[in-house]
Amino acid sequence: MMRFIAGRVLYGVFTLWFLATATFFAMHAVPGDPLASEKAVSPEIRRNLEARYGLDKPLLTQYGIFIGNMLQGDFGISFTQKNRSVNDIIREHFPISAQLGVLALLWATFGGVVFGAVTAYYRNRWPDYVSVVAVIICISVPGFVFAALAQLAIIGLNEAVGKDVLPVAGWEAGSFRHMLVPSLVLGLGTLAYLTRLMRSSMLEIMDADFVRTAKAKGLATTRIFWQHQLRNAILPVVTVLGPAIAGITTGGFVVEQVFAIPGLGRYFVQAVQQLDYTVIMGTTVFYGAFLIFLVMLVDILYGLIDPRIRLAPEKLRQKGGPV
Amino acid sequence: MSTPAYPHDWFARIPAQAADDLPVLPPESYWQGVWRRLRSNRRALVAGCFLLLVLLFTVFGSVLWPVDPAKQDPGILSRSYVASRTLPVAFPDAWQVPMVEMGEPVAASELLAPQGLQVVSATTDAVRLVWQPVAGATNYRIYRMEGRGKGYGIPLAVVPAQYTGYQDRLDVHAQPYRYTVVADDGVDESAQVASLSVTPTAVISLLDAQLQGLVPEDAVSTDREWVVDLPSHPLGTDSLGRDMLARLIAGGQTSFFIGFGAPLIYIFIGCLYGAFSAYVGGRVDEWMMRFADFVIALPFLLFMILLRVAFGIGAGESGVAALIVAMVLLGWPMAARLVRGQVLQLREQPFVSAAKLMGAPSYYLVWRHMIPNVMGVVIVSLTFAIPGAIFTEAFLSFIGMGVVPPVPSWGSLCNDGIQSMLVHPHELLYPAALISATVLAFNVLGDGLRDALDINLEARS
Amino acid sequence: MSGPVLSIKDLAVSFRSRQGAVNAVRGVDLEVMPGETLAIVGESGCGKSVTMRTVMGLLPAHADVRSGDIDFRGEKVLQQNTAQRNRWRGSRVGMIFQDPLSAMNPTMRIGDQIAEPLRVHRGLSRQAAQAKAVELLEKVGVRDAATRARQYPNAFSGGMLQRAMIAMALACEPELLIADEPTTALDVTVQVQVLSLMKALQQTSGMAIVLITHDLGIVASMADRVAVMYAGQVVEYGPVDQVFRDSLHPYTRALRNALPGMHTGASHLPSIAGQPPDLRRDIAGCAFAPRCQYAMTACHQQAPMRQVIADDQQHGVCCWLHDEACEAGRVYRGERT
């Protein structure tokens with residue numbers, strides 16, 4: 001087991017290094033070298049940048065400086081926002097994205113597991129048909145459309161009730177009302193995907209030989225469900241948790257935009273649109289590290305649940321996910 | 001013991017029937033079977049027909065609806081439906097707002113309503129009002145109400161008292177308005193008001209007509225009466241007055257070009273990579289697959305954005321090529337994995353071993369056994385990759401990282417539409433519905449194809 | 001206790017399918033006496049597994065029990081709901097299956113799986129059940145049982161797993177063990193070990209065994225009595241030696257002849273011509289008639305009644321050839337040439 005964990009950690013570190021390197025060279029590949037162009041960069045920031053990134057030095061030296069800074073957790077300063085370091089931006093806005101994302105992930109996993117199991121039990125009856133149709137619709141409709149529809153629905157609701165039941169957009173620290181709809185919208189696609197996955201794996205498990213054995217042992221239906229079916233049926237759900245987290249993280253870019261939530265995703269998109277290169281580099285590496293870390297955690301978790309994986313780790317990657 | 005009475009030939013021997021009378025199904029090839037199973041799946045069939053329609057719509061739409069998707073008509077911004085119409089051209093003329101000599105301000109105890117409020121002319125180019133001066137007025141305030149609502153409506157202007165007329169050019173449409181003119185003494189408004197209702201006639205301003213090339217640059221109003229024909233906009237216009245239908249068609253072309261182009265390329269590359277890896281085997285195979293796994297594990301959209309930024313967009317580029325290259329760079333490993341797995345599995349199949357034992361040449365093995373069997377999974381993964389690519393394009397265009405304006409795509413149309421979603425929902429609704437329905441149809445068709453290609457599924461049920 | 005442990009009367013089970021109902025079991029009568037081993041043999045699809053799964057209440061959702069009565073020591077099985085069945089299922093009746101690897105929960109330790117019936121039926125504590133599980137594993141011949149109990153099924157070989165399955169089924173010392181092709185998935189050498197283990201355990205506990213198999217060799221070495229099934233019906237039953245020596249039904253004879261013996265040599269492997277009948281259709285006469293070289297008009301018209309042949313009422317057959325009025329039957333039995 002220790003070897004397995006060590007392998008995953010090493011793999012994660014390597015991926016992160018690749019991501020950082022790719023980010024660095026991608027930024028330097030941008031036509032017309034933005035770090036050399038003068039527009040929109042005040043002389044003050046310019047001097048700062050030159051000192052920090054050694055812009056006059058050869059590429060490899062710059063790369064060394066970049067990696068060194070990353071290792072120290074220093075992501076640099078913003079191109080467009082004066083006196084604001086990328087670390088500040090992340091520190092300030094990431095917690096908002098994280099709150100939203102965690103809530104969305106909770107909706108998605110609990111909803112997916114519960115709906116999936118329920119629809120499998122009602123196979124070929126109306127709850128099953130309804131959910132199958134709902135799932136394929138939710139998988140096929142882009143997140144921003146749901147976000148827009150949700151906003152329209154909130155407006156309709158508020159008008160019908162005659163007061164602001166839910167805010168149409170915006171964010172207040174610690175306010176569940178502001179989080180509720182955006183997180184639901186954010187989790188919806190993943191929820192649908194997980195429901196589908198859980199349903200098919202539950203159907204498979206319900207006919208599995210070992211469930212028949214459990215019945216023959218005279219176990220009560222509830223015990224069979226909790227002890228034998230759920231644990232095995234949930235395995236494929238755990239495998240796609242990594243991609244699901246990635247999907248929710250990137251989905252946050254859109255949802256934060258539509259609902260005007262000051263999360264890191266919104267700033268990332270803004271930076272990308274304004275070509276704020278230091279913020280792009282910093283947040284990309286940060287997001288990358290975050291995702292890689294979580295995927296690694298999920299892999300290790302999966303190894304703990306399923307004894308077969310520890311013996312043959314290559315099985316882990318054979319299942320695809322959303323995104 | 002009593003013996004039951006049996007018919008006389010009850011115990012006569014009947015020769016054993018070796019042949020069974022089970023109905024023999026007519027022989028069908030694998031692909032005939034796939035087609036039969038797919039046809040019997042009504043949902044997949046409907047989805048397929050719908051996709052065909054959408055494809056025809058985007059490919060031949062621009063022939064049937066030859067409207068320039070980039071042409072702007074500032075006269076009709078964000079309308080949900082515009083009928084075709086013939087409009088006179090309104091030439092600018094030198095209308096002067098009437099003025100009066102200002103005497104000493106009279107301190108009137110009460111300001112009266114302006115008398116004689118009337119319309120000089122009312123077109124969608126301009127609505128002109130005049131009225132009689134009011135004693136003691138410092139300013140006149142003009143309000144405009146759409147339709148027959150209560151109250152004054154929106155405040156249009158505050159006019160100094162020496163002017164006794166007003167020209168309204170603020171987004172005037174051919175619909176009823178009620179104008180209200182109120183005098184004020186510099187501090188308070190009078191309670192006495194004058195109102196009148198008017199419905200402007202539709203015209204097109206000379207500038208607009210010239211911008212759209214409907215009227216020559218040197219047109220003079222004295223030549224003749226200028227009248228232009230304007231096309232209809234069955235699905236309305238966007239916030240720049242561009243025809244939605246034409247933009248949806250053009251957007252569909254972009255979305256489908258990316259949606260088909262990228263997956264076709266990367267699945268082809270993936271097939272070659274996977275087949276080569278499986279063919280070579282051993283160490284090389286192991287490292288090649290490790291690399292594929294590594295690319296799969298990269299955060300996909302993050303890298304898409306990164307690559308898209310790195311490629312940059314030069315002047316006059318649409319960004320489509322950059323998107324496709326980025327998708328190809330990140331998309332191939334899934335297909336590679338799949339094909340490699342299939343080939344490895346097939347190689348161990350008894351029928352392949354049997355063919356080898358019978359001395360089948362390797363091109364025959366590949367042609368007869370490998371390709372038909374791998375084809376199935378490749379087609380299925382293609383039907384799922386296409387909506388995936390359309391989705392990715394929409395996502396990137398939505399956050400402004402996709403195609404570059406003015407090139408439309410369904411994603412960028414949604415991005416445009418969401419700004420004015422609350423006021424003009426049609427601008428978001430149409431492209432969003434098209435993306436959703438198309439992706440839905442691909443998903444349903446993909447499910448159907450997967451089931452149809454699975455020859456064992458039928459036997460199991 | 002006297003009287004049968006298990007008695008099945010006129011059981012009929014059908015499966016709903018898109019092409020209509022499949023009548024998998026079409027009127028089966030069986031009795032299992034205490035302490036005996038009853039083997040049920042027949043080709044795959046003849047209904048032997050379905051019959052025993054009906055006893056255990058393990059039929060899939062699309063199966064219907066059309067008629068019949070099953071009595072296990074006074075428990076009217078078919079009238080019981082799941083909770084009532086669970087009072088005896090796994091404790092007084094144990095069952096083992098064909099493929100032990102898929103029949104074990106892959107994410108649960110072997111010891112926990114064996115301990116589960118003990119905890120549920122006997123109310124043992126976790127530790128006590130675990131200790132008992134280790135003991136059981138030792139009893140079925142698993143070495144280093146304490147370590148083995150903490151392992152997962154994927155660490156076990158097929159033979160070891162089947163031993164663990166047996167330990168699990170016998171945990172509560174049942175009166176009846178149903179073994180559904182317990183050795184089909186195993187190597188031949190391992191088959192012998194598992195079978196002799198079952199036999200040894202039967203001798204110490206005195207339980208009855210129903211052994212479902214298509215291997216006549218296993219029947220001969222293991223069983224006291226045998227029931228031969230064809231197309232959802234029992235066509236012949238009786239003590240093993242009688243059934244094999246004096247096979248009454250043409251199908252039993254064909255089965256016996258299909259065994260590659262020492263003397264037949266490799267040049268000719270005899271088989272039974274034709275296919276089993278399509279169970280979706282109504283079968284008017286004897287189901288075997290289309291493949292039977294002795295078939296008569298009667299066989300195609302009407303199903304034969306059960307004839308009890310031996311003096312001790314033990315050996316029975318369903319075949320027109322054994323009808324008193326049938327002349328051809330005398331030739332068949334060798335009474336006349």
Side-chain angles (χ1 to χ4, degrees), chain A residues 1 4 113 119-125 127-128 198-199 201-239 301-316 319, chain C residues 49 52-53 55-62 81-110 112-122 150-155 161 164-165 168-169 171-172 174 177-178 180 185:
Chain A
M1 190 66 206
F4 173 72
V113 168
T119 50
Y121 260 100
Y122 285 96
R123 164 158 54 163
N124 293 341
R125 280 187 277 165
D128 185 32
M198 184 69 191
R199 174 179 179 269
S201 100
M202 198 71 196
L203 284 179
E204 211 172 285
I205 293 297
M206 274 161 65
D207 292 339
D209 285 356
F210 64 83
V211 170
R212 196 180 57 201
T213 309
K215 282 183 191 162
K217 276 152 87 172
L219 308 183
T221 313
T222 46
R223 190 184 172 97
I224 293 177
F225 177 78
W226 290 107
Q227 287 278 327
H228 295 269
Q229 291 178 323
L230 195 63
R231 195 179 153 119
N232 283 285
I234 244 172
L235 286 178
V237 174
V238 178
T239 23
L301 176 71
Y302 193 74
L304 283 177
I305 298 182
D306 191 346
R308 287 167 294 187
I309 287 299
R310 263 171 275 160
L311 299 172
E314 68 274 8
K315 273 192 184 155
L316 196 58
K319 300 191 173 175
Chain C
S49 285
M52 293 328 283
R53 281 182 196 173
V55 173
M56 292 297 273
L58 298 179
L59 292 178
H62 62 281
N81 61 25
T82 309
Q84 290 166 327
R85 275 187 192 143
N86 281 344
R87 286 199 312 252
W88 51 266
R89 209 157 56 160
S91 55
R92 294 174 63 197
V93 184
M95 186 160 182
I96 57 180
F97 298 94
Q98 179 174 346
D99 178 8
L101 185 58
S102 66
M104 292 286 237
N105 186 342
T107 58
M108 219 170 150
R109 293 173 201 279
I110 295 282
D112 290 337
Q113 297 195 52
I114 298 174
E116 210 173 16
L118 290 165
R119 298 188 62 194
V120 169
H121 297 294
R122 293 280 160 85
R150 284 198 304 275
Q151 288 178 335
Y152 290 91
N154 59 349
L161 268 185
M165 276 288 286
M168 193 160 80
C172 297
L177 174 71
I178 300 172
D180 188 350

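Naming convention: chains lettered A, B, ... in sequence-line order (proteins, then strands); numbering from 1 in each chain.
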Where on [X] is there a heavy atom nearer than 4.5 Å to chain A: the side chain, the backbone, both, or neither?
X	value
C/Gln113	both
C/Ala103	both
C/Ser102	both
C/Met104	backbone
C/Arg87	neither

Name the residue from A/Arg231, A/Gln227, A/Gln229, A/His228 that meets the side chain to side chain donor-acceptor pair (under 3.5 Å) definition with C/Asn105.
A/His228
Measure the shortest side-chain to side-chain distance between C/Trp88 and C/Arg85 over non-hydrogen atoms and say whether it is less than 4.5 angstrom.
yes
May I ask you to check whether over 12 heavy atoms, not counting those of A/Glu204, lie within 6.0 Å of atom CD?
no
Expected output: side-chain C/Asn86 to main-chain A/Leu219 donor-acceptor under 3.5 Å
yes
Heavy-atom donor-acceptor pair, C/Arg89 side chain to C/Met56 backbone, under 3.5 Å:
yes
Tell me which of these, C/Ile96, C/Val120, C/Thr82, has more heavy-atom pairs under 4.5 Å with chain A than the rest.
C/Val120
Going by an N to O cut-off under 4.0 Å, is there a salt bridge joining A/Asp128 and A/Arg125?
no
Whatever's closer than 4.5 Å to a heavy atom in chain C on A/Ala216 counts as both
